[in-house]
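Naming convention: chains lettered A, B, ... in sequence-line order (proteins, then strands); numbering from 1 in each chain.
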2 protein chains.
Amino acid sequence: MSKGRVTVIDIAHAAGVSKSTVSLVLQGSSLVNEATRAKVNAVIRDLGYVYNRSAANLRQAKSKIIGIVVNDLTNSFFAELAVGVDVVVQSAGYVQFLSNTGENIDRQREVVASMREHGISGLIVSPARGTEAGDLKPLVNSGIPVVVVVRNIPGAKVSSLVSDNHAGSAAAVEHLVSLGHRRIAFLGGFPDTAVFAERIDGYRQAMQRAGLDADGDLVVGSAPSRAGGVAAIERAMLIATRPTAALCFNDAVAFGVCDGLRTLKLEPGRDFAVVGFDDVIEAQTAVPALTTVSVDPQGMGRRAAQLLLKQINAGKVEAETLVSSVRLVVRQSCGAGLGDVGRRITA
Amino acid sequence: MSKGRVTVIDIAHAAGVSKSTVSLVLQGSSLVNEATRAKVNAVIRDLGYVYNRSAANLRQAKSKIIGIVVNDLTNSFFAELAVGVDVVVQSAGYVQFLSNTGENIDRQREVVASMREHGISGLIVSPARGTEAGDLKPLVNSGIPVVVVVRNIPGAKVSSLVSDNHAGSAAAVEHLVSLGHRRIAFLGGFPDTAVFAERIDGYRQAMQRAGLDADGDLVVGSAPSRAGGVAAIERAMLIATRPTAALCFNDAVAFGVCDGLRTLKLEPGRDFAVVGFDDVIEAQTAVPALTTVSVDPQGMGRRAAQLLLKQINAGKVEAETLVSSVRLVVRQSCGAGLGDVGRRITA
DNA sequence: CTGTTAGCGCATTCAC
DNA sequence: GTGAATGCGCTAACAG
């Protein structure tokens with residue numbers, strides 16, 4: 001915003017019409033004569049007029065901006081997500097505020113507040129770890145549509161878009177079965193979360209369909225972390241009839257499982273098949289990557305944005321939960337029908 | 001912006017003071033009585049008042065928002081860059097509009113225009129390929145500070161922050177020379193860009209200093225892409241006295257060169273030394289990473305943001321060109337004095 | 001079809 | 001210290 005900014009009144013003056021007429025051509029209204037419209041447009045070009053959206057927004061009490069906050073833009077999963085959002089947001093004529101929280105919940109609170117002050121008309125958030133329903137409360141109470149992606153936040157009355165955990169688990173199991181595995185473990189995760197319930201359910205059903213035993217010792221819960229993965233595989237290997245493969249609650253657990261296997265002098269992929277779950281992509285390059293149940297981050301971003309725009313246009317906000325389909329990404333098969341492991345490929 | 005939004009006048013009414021008083025406490029002015037200030041703050045909290053920045057911006061003819069447009073957010077180099085920008089922008093009390101152009105120049109024009117309409121007080125842009133000085137002209141003419149990063153755009157009177165291409169090339173050559181190489185090629189890139197000129201210049205000078213021949217067939221241009229790299233190495237290996245090492249225009253080319261070498265039954269790093277240039281980090285994990293001339297993208301982002309904020313605060317815009325230092329990152333030496341290759345480590 | 005009038009929510013003079 | 005006016009640039013009603 002420069003000093004000598006030219007305004008509607010200037011161009012109205014120069015074109016010999018009134019401001020409202022100018023306003024009308026600005027909005028592409030058909031209520032204005034073709035001749036005057038041309039005249040006005042010409043003057044607009046000549047004077048180098050730029051539309052002031054702040055003023056318009058103030059007047060209309062609505063903005064054409066949506067906010068997106070992600071927990072870790074450094075992680076290419078979320079960068080892709082942001083790109084997906086950007087694509088549909090841009091083509092809908094919106095611009096996006098983007099903020100990175102770096103898993104810092106205070107920062108998240110700040111940026112959300114800031115965005116609110118700026119009058120965003122909607123928010124897409126991939127919440128930082130530990131986000132609670134209360135953190136989004138003020139936003140949703142003021143009627144601003146919010147879409148939570150990737151991680152759902154229990155108790156919040158907002159729309160969310162998460163991956164198809166059930167189908168993902170099932171696909172992983174079917175894959176392992178097709179490789180000849182019969183003792184397939186499910187490792188990691190806390191049983192008291194919705195995500196866990198969905199994943200374990202998909203696992204159980206697929207096992208059952210394959211005529212395999214899914215109960216008992218094959219399911220070993222743990223913290224959904226790398227350390228948890230180590231603990232889980234150690235426990236699982238104490239079973240009399242050891243598993244030969246494992247579906248892990250998420251990638252972090254999978255990496256821990258690999259760590260644990262190596263401690264046991266077993267090579268992941270050769271001696272034991274490990275499948276990860278793309279909930280949290282962690283340290284992609286620091287460990288040998290594996291076959292995973294993957295989601296399409298950019299597609300998720302697009303879908304989230306579409307959902308948000310729908311709600312913005314609808315005026316009415318109804319919490320809605322969408323499920324994003326997943327696909328099994330097999331990295332590299334290493335013979336012997338015993339699992340697979342390979343290099344991670346960035347989508 | 002909801003329907004029943006509470007405004008300063010509401011809280012003034014409820015607190016029994018005037019709007020201006022409220023405005024003053026909002027700005028933390030010391031011209032207001034402690035008691036009334038407390039009272040006002042209490043009412044603000046109670047009524048759930050949210051500050052309307054659009055209105056404030058309109059009044060003050062300035063905003064607290066900066067724009068950042070990148071050519072490819074999918075590329076983690078630029079994602080990191082955006083994170084760096086975000087960090088300093090946030091702590092300076094600004095919010096950022098982020099847009100991804102995907103190298104699409106029309107899109108870039110659109111988003112820049114949109115940001116202008118929104119009254120950004122500054123712009124950081126990593127321009128799409130083919131961006132011309134004219135594309136930024138309207139912005140700079142209206143006095144809005146612009147900082148161009150990564151790629152400079154010739155002829156534009158804006159500040160820019162680029163990496164030290166000259167020194168980077170030289171360092172790479174010296175490194176290869178110290179490993180015993182004497183036939184060192186420069187592969188990839190289009191000769192008609194400023195970046196190419198700088199890199200080739202650093203290469204030539206370093207070669208000369210080492211008493212080596214840098215002319216003739218050792219310089220092979222190509223598209224700055226993976227495919228271009230394949231073509232370049234194939235052509236380079238047709239020379240009578242083959243090179244034993246190559247400095248590549250960028251990482252994409254370097255990866256292509258590795259591909260090409262393997263086709264020729266040569267193992268990059270063992271049989272032929274390859275050094276990349278961190279212009280575009282591509283598919284970090286999909287290929288064996290190599291020694292590169294690296295910049296710190298996040299650091300560049302921070303620096304760009306600082307430069308921009310300085311200019312915003314200074315009021316006066318003076319085009320300034322900053323050079324970001326680079327460092328040679330040697331991944332792993334693999335004996336025989338013939339190059340080196342290793343795992344890429346994310347910063 | 002076009003002009004007139006009246007604010008949107010805030011910050012900035014000035015008086016008091 | 002505080003209150004009363006005034007205007008930022010624009011759009012939404014009506015008039016004409």
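- As a whole-Å value, the separation of A:R53 CZ from D:dT11 C1' is 14 Å.
- Nearest heavy-atom pair across A:L136 and A:V148 is CD2-CG2, 4.1 Å.
- Distances from the side chain of A:N33 to the nucleotides D:dC10, C:dC1, C:dC10 place C:dC1 closest.
- With hydrogens and angles left out, the side-chain atoms of B:S99 and A:Q96 include no donor and acceptor closer than 3.5 Å.
- Taking side-chain N and O atoms only, B:S20 has no distance below 4.0 Å to OP1 or OP2 of D:dA4.
- Per the geometry, NE2 belonging to A:H13 stands 16 Å off P belonging to D:dG9, to the nearest Å.
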Donor-acceptor contacts, no H, no angles, side chain residues 25-34 of chain A, under 3.5 Å, sequence neighbours left out:
{"unit_1": "A:Q27", "atom_1": "NE2", "unit_2": "A:S23", "atom_2": "O", "d": "3.0"}
{"unit_1": "A:Q27", "atom_1": "NE2", "unit_2": "A:S23", "atom_2": "OG", "d": "3.0"}
{"unit_1": "A:S29", "atom_1": "OG", "unit_2": "A:L31", "atom_2": "N", "d": "3.1"}
{"unit_1": "A:N33", "atom_1": "OD1", "unit_2": "A:A35", "atom_2": "N", "d": "3.4"}

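- Atom pair A:L24:CG and D:dA13:P shows a separation of 13 Å (rounding to whole Å applied).
- When the nucleotides C:dG9, D:dA12, D:dG3 are ranked by their closest atom to the side chain of A:Q27, D:dA12 comes out on top.
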*What do the steps show when you test B:L98 against A:D86 for side-chain contact (heavy atoms from CB on, under 4.5 Å), and what is the final call?*
CA-CA 8 Å; B:L98 172 77; A:D86 193 48; over 6 Å; no
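- At a cut-off of 3.5 angstrom, counting only N and O atoms as typed in the model, there is no donor on one side facing an acceptor on the other between the side-chain of B:R59 and the base of C:dG9.
- When heavy atoms are screened at a 4.0 angstrom cut-off, A:V17 is found touching the sugar-phosphate backbone but no base atom.
- Rounding to whole angstrom units, CG of residue A:N57 and C1' of D:dA12 are separated by 15 Å.
- Considering only side-chain N and O atoms, B:T21 lies nowhere under 4.0 angstrom from the phosphate OP1 or OP2 of D:dG1.
- In this model, the phosphate group of D:dG9 is not approached by any side-chain N or O of A:T7 to a distance below 4.0 Å at OP1 or OP2.
- Distances from the side chain of A:L31 to the nucleotides D:dT2, C:dA11, C:dT2 place C:dT2 closest.
- Look at NZ on B:K39: it is 20 Å from P on D:dG1, rounded to the nearest Å.
- Side-chain contact, A:T101 with A:N71: no donor N or O sits under 3.5 Å from an acceptor N or O.
- Listed candidates were C:dC10, D:dC10, D:dG3. Nearest to the side chain of B:S18 is D:dG3.
- Consecutive Watson-Crick or G-U pairing (both distances under 3.5 Å) extending over three or more pairs maps onto DNA chain D as C:6-16 with D:1-11.
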*Between A:E103 and A:Q108, does a side-chain contact (heavy atoms from CB on, under 4.5 Å) hold up when you go through it step by step?*
CA-CA 8 Å; A:E103 300 287 5; A:Q108 178 172 285; over 6 Å; no
*Run the numbers on B:V17 and B:V40 for side-chain contact (heavy atoms from CB on, under 4.5 Å), then give the verdict.*
CA-CA 8 Å; B:V17 297; B:V40 168; 4.1 Å; yes
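- If you take CG of A:L58 and C1' of C:dG7, they are 10 Å apart, rounded to a whole angstrom.
- Distance, A:K19 NZ to D:dG9 P: 12 Å, rounded to whole Å.
- Taking atom CD of residue A:Q60 and atom P of nucleotide D:dA12, one finds them 5 Å apart after rounding to whole Å.
- Comparing B:A55 and B:G16 by the nucleotide of DNA chain D that holds the closest heavy atom to each, the one mapping nearer the 5' end is B:G16.
- Using modelled atom types, one side-chain atom of A:S63 and one backbone atom of A:G119 make a donor-acceptor pair closer than 3.5 Å.
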